[in-house]
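In what follows, a single structure is set out as structure tokens and then discussed.
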Amino acid sequence: MKKNIVLMCVVLTSLLSCKPKSEEANPQKLPIDKEATAETVKLYNTLFERLDKGIMVAHQDALAYGHSWYKENGRSDVKDVTGDYPAVIGWELGHVEIGAAFNLDSIYFSDMKRYIKETHDRGGITTVSWHGDNIVTGNTAWDCAQDSVVKSILPGGSNHAKYMTWLDRVGDFFLDLKASDGTQIPVVFRIYHEHTGAWFWWGSKQCTPDEYKQLWVMTVTHLRDKKNVHNLLYSYSPSETKDEVEYLERYPGDDYVDIVAFDSYVPGKTAKDIQYYKEALERNLNTVTTYAAKADKIATIGETGMESIPDSTYFTQVVYPIISKYRISWILFWRNAWEKDKPNHFYVPFEGHPAANDFREFVAKPNILMNNDIQK
Ligand code: BMA
């Protein structure tokens with residue numbers, strides 16, 4: 001009897017200490033940074049919850065400039081065409097590492113910080129990429145003639161100490177993203193992207209898988225543990241891959257990545273190019289969403305688009321039917337260049353463009369989310 005009572009007590013205590021069912025089914029998601037700020041943890045959880053609602057529209061550099069305009073307060077090509085801002089806005093840090101006042105596309109970092117705060121105040125989300133310079137030659141990120149840049153910045157390498165000063169400047173940018181209440185604005189940092197291609201100094205022909213992973217881990221560790229940057233979610237975004245094995249060949253591990261993504265563009269203007277893109281989207285969405293479900297991560301499309309949108313049904317007929325089948329958080333369309341010498345470098349229609357109606361139709365779909373949709 002005494003034995004039975006003891007046993008009952010043990011069972012009861014363990015039952016009582018169990019989490020409620022609802023919490024068990026839906027535990028809080030924790031980003032890889034165990035010291036992430038409360039706002040960063042909240043953002044991560046919001047991304048998971050929002051997956052049931054739909055896919056957010058993202059646009060690179062949306063507030064800084066657009067097709068044939070630069071720095072007009074409150075303006076955005078997406079807003080001109082649809083009446084609303086994108087739910088997610090992408091920014092580019094290239095040249096912050098060398099202490100420049102503006103980035104490689106002529107956006108002042110002081111303006112960028114202001115745009116990020118405006119986005120945050122509107123309930124929008126920020127994602128950031130970084131085309132950092134080649135530290136060996138002093139040329140751009142696209143200078144990939146060497147195969148030892150990564151090696152030279154890893155611990156023990158000749159450029160390691162200098163590279164740490166570059167990472168410190170990157171960290172300072174993030175630490176300076178302040179909300180009105182003084183907390184740091186949480187943002188997504190998509191580092192060393194498109195590395196399965198060979199067009200950046202961190203690319204597949206420029207370093208070994210192991211060196212790439214070391215570069216990633218070193219970067220996260222430095223920002224998080226040395227610089228105490230705790231307002232970041234980290235996103236991994238190779239260019240198109242053929243399957244999960246290739247996707248994961250350079251993956252630094254679940255402990256270093258919050259968001260799994262990929263970059264994919266329509267490679268040209270022909271029907272064949274569109275067919276190629278459809279297959280690439282389908283295949284890569286399959287890979288990232290399957291992996292995200294397995295590893296309990298968020299999946300997104302890091303970058304995409306059809307330059308100058310020669311197909312005026314691209315959004316509703318090419319993109320929409322494919323992305324709607326997958327649980328992704330957002331789709332980021334690349335920038336609408338303001339530069340006079342790049343008149344065809346744009347990925348979202350501006351007012352008057354033949355694809356403007358199609359884009360309006362696309363963003364009006366119930367599962368496609370703009371800034372106003374995510375406030376509800
Ligand atoms: C590329 C192009 C370039 C730009 C770079 C970084 O894809 O848009 O013009 O400088 O991204 O934003």
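Computed from a predicted structure; not experimentally measured. Just follow the structure's listing: the first ligand is 1, and inside any ligand the first atom is 1.
- No side-chain donor from either of Y85 and E118 sits under 3.5 Å from a side-chain acceptor of the other.
- For residues 161-184, the pairs satisfying salt bridge (charged side-chain N to carboxylate O under 4.0 Å, His left out) are K113-D176, D172-K227, with sequence neighbours left out.
- If you check the side chains of N231 and T37, you find no donor sitting under 3.5 Å from an acceptor.
- Note on ring orientation: taking the six-membered ring where Trp is involved, the planes of F200 and H193 are tilted (angle from 30° to 60°).
- Residue-level contacts of ligand 1 at the 4.0 Å heavy-atom threshold are E92, D105, H131, W142, W334, R335, K342, H345.
- For the residue pair H67 and D77, no side-chain donor N or O sits within less than 3.5 Å of a side-chain acceptor on the partner.
- The closest side-chain donor-acceptor pair between T270 and D273 falls under 3.5 angstrom.
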